[in-house]
Amino acid sequence: MDLLESYCHRIEPLHIPSMEMAQTRWNSIAKPLHSLGLLEENVVQMAGILGSHQVEISNRCVTVLCADNGVVEEGVTQVGSEITAKVAENLTKGQTSVNAMARLANAMVLPVDIGMKQDLNISGLLQKKIGYGTHNMANGPAMSRQQATEAILTGIHLVKTLRENGCDIIATGEMGIGNTTTSSAMASVFLQQPPEMVTGKGAGLSGQGLERKIQVIRRALARNQPNPADPLDVLSKVGGYDIAGLTGICLGGGIYRVPILMDGLISSIAALTAVRLCPATREYLLASHVSKEPAGKQVLDVLQKKPMLTCDLCLGEGTGAVAALPILDMALTVYHSMSTFSDIHMKPYQPLE
């Protein structure tokens, strides 16, 4: 048994007694039964993940995995790979969209260099580089199977460290020019859909640019022949270091029992990769929103996950995941502080067929 497989075997089912206690608490609160819908379900799920009905997520982090993609050489993006490093630097300075949103949501932003083309020796950027950008997947595999595994293990270890430092919930984020191309290619394989059905304009391509992107993905799939039954094969041939690292974060959520709040398409493709590697991972994932990218809803449907938000978001960086944190906070405020039927001497609602 290899190391990755041994980690997968450590993922246990959710803690049912804690979930039952959480559901009992919801049912006792003086409001119509199940009237907060998905928010109630998510709190119950988090109880099962954390192993306690006293759900707290006050210590939260958004991990932004930064990496470059060789396929950018094919002209599939509006800007060049140098923007990845620029945004990574701005993440450390608190000057990006996710930084602004995270300040409101009381979340720590942790940028990680897992595969940028250049080195940035700046404070606040965690150095976990697997390689200096992937190879151009249109000409051959984006990375080796060993590199994909190393990136996954990096994500797992990152969750371990965050959990040991008291993190209650991890929001996933990424920054990497070209990663809607890699994630769309992986979606095409996993969903068994032609590229034109799962590929969008990413960060603002024209119609002509979108057609070029689709053709490049089609070439990459024809050249590499990724095996949909082998998630590591798909990831290494047409994925990216950011997706691989996020796959590890999703697996780490199951291993170390911490809720993983998925962002958009790139994060959900990583989540799907993790679930294909270890189906038990699915129970440790929460969907923040449904991406505007064509594959966004399709991937969530396959994962059997319902998004909390539908806002046509496609920014990345973890912005959608962070946007969902205040909604979970509001749900938990009701859960912890609202009066029960018994407190106000009211006959409780009864479940009806």
Side-chain angles (χ1 to χ4, degrees), residues 64-88 90 96-98 101 133-134 136-138 142 172-222 234 238-243 246 262-273 287-303 307 309-323:
V64 187
L65 272 56
C66 305
D68 282 306
N69 300 282
V71 72
V72 170
E73 297 171 2
E74 301 294 325
V76 295
T77 59
Q78 188 177 127
V79 297
S81 292
E82 69 279 359
I83 299 301
T84 303
K86 182 61 179 175
V87 175
N90 287 340
T96 70
S97 298
V98 75
M101 296 170 72
T134 58
N136 183 350
M137 69 180 188
T172 58
E174 38 60 41
M175 177 57 216
I177 301 302
N179 61 11
T180 60
T181 302
T182 54
S183 55
S184 296
M186 292 183 67
S188 179
V189 178
F190 283 144
L191 303 179
Q192 296 290 277
Q193 293 282 345
E196 61 268 23
M197 297 299 295
V198 295
T199 306
K201 293 185 177 181
L205 284 177
S206 64
Q208 184 179 5
L210 174 59
E211 183 56 35
R212 182 186 306 112
K213 184 177 179 179
I214 291 169
Q215 292 301 328
V216 168
I217 291 173
R218 191 172 284 122
R219 279 172 47 208
L221 297 180
V234 179
V238 295
Y241 292 131
D242 50 354
I243 298 174
L246 290 170
M262 298 181 291
D263 187 35
L265 176 61
I266 293 94
S267 291
S268 60
I269 280 293
L272 182 56
T273 307
S288 61
H289 73 107
V290 57
S291 170
K292 186 180 179 180
E293 288 288 299
K297 184 178 184 302
Q298 297 178 59
V299 174
L300 291 184
D301 286 345
V302 171
L303 286 169
L309 297 168
T310 305
C311 303
D312 279 349
L313 302 179
C314 56
L315 175 57
E317 298 179 13
T319 48
V322 171

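In this chain, numbering begins with 1 at the start of the sequence shown. Values reported hereafter were calculated over all heavy atoms of this structure, with side chains retained and with hydrogens, waters and symmetry mates removed.
For the side-chain hydrogen bond (donor to acceptor under 3.5 Å, both in side chains) condition, the pairs that include at least one residue of residues 174-184, sequence neighbours left out, are E174-N179, N179-D242, T180-K213. Residue pairs meeting the salt bridge (charged side-chain N to carboxylate O under 4.0 Å, His left out) criterion with at least one partner in residues 312-322, sequence neighbours excluded, do not occur; the list is empty.
Between A185 and L221, the closest heavy-atom pair is O-CD2, 4.0 Å. Of all heavy-atom pairs between G173 and S267, the closest is N-OG, 4.3 Å. Closest heavy-atom contact between L265 and A295: CD1-CB, 3.8 Å. Scanning both residues, V87 and T96, for their nearest heavy atoms gives O-CG2, 3.9 Å. Nearest heavy-atom pair across L309 and A323 is CD1-CB, 3.9 Å. Smallest separation of non-hydrogen atoms from G239 and A142: O-CB, 3.5 Å.
To the nearest 0.5 Å, atom OG of residue S206 and atom NZ of residue K201 are 7.0 Å apart. Between S291 atom OG and L315 atom CG the span is 10.5 Å, to the nearest 0.5 Å.
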| task | Please test V302 against F190 for side chain to side chain contact (heavy atoms under 4.5 Å, CB included), starting from the C-alpha separation and ending with a verdict. | result | CA-CA 10 Å; V302 171; F190 283 144; over 6 Å; no
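Judged by distance alone, with hydrogens and angles left aside, the side-chain atoms of S268 form no donor-acceptor pair with the main-chain N or O of A271 at under 3.5 Å. At least one donor-acceptor pair closer than 3.5 Å links the side chain of S288 to the backbone N or O of M262.
For Q193, the side chain to side chain contact (heavy atoms under 4.5 Å, CB included) partners two or more places apart in sequence, or in a different chain, are L191, M197, V198, Q298. Residues that satisfy the salt bridge (Lys or Arg N to Asp or Glu O under 4.0 Å) test with K297, not counting sequence neighbours, are D301. For the salt bridge (Lys or Arg N to Asp or Glu O under 4.0 Å) test, residues two or more places apart in sequence or in another chain that qualify with E196 are R218.
The environment of CD in Q208 is sparse: at most 12 heavy-atom neighbours from other residues, nucleotides or ligands sit within 6.0 Å.
Here the side chains of I269 and V299 are in contact, with some heavy-atom distance below 4.5 Å. When side chains are defined from C-beta on, H289 counts as touching D263, because their heavy atoms get closer than 4.5 Å.
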Without placing hydrogens or testing angles, list every side-chain donor-acceptor pair under 3.5 Å for residues 64-76, not counting sequence neighbours.
from : atom 1 : to   : atom 2 : distance (Å)
D68  : OD1    : T84  : OG1    : 2.7
D68  : OD2    : K117 : N      : 2.8
N69  : ND2    : I177 : O      : 3.1
E73  : OE1    : N136 : ND2    : 3.3
E74  : OE1    : R219 : NH1    : 3.2
E74  : OE2    : N136 : ND2    : 2.6

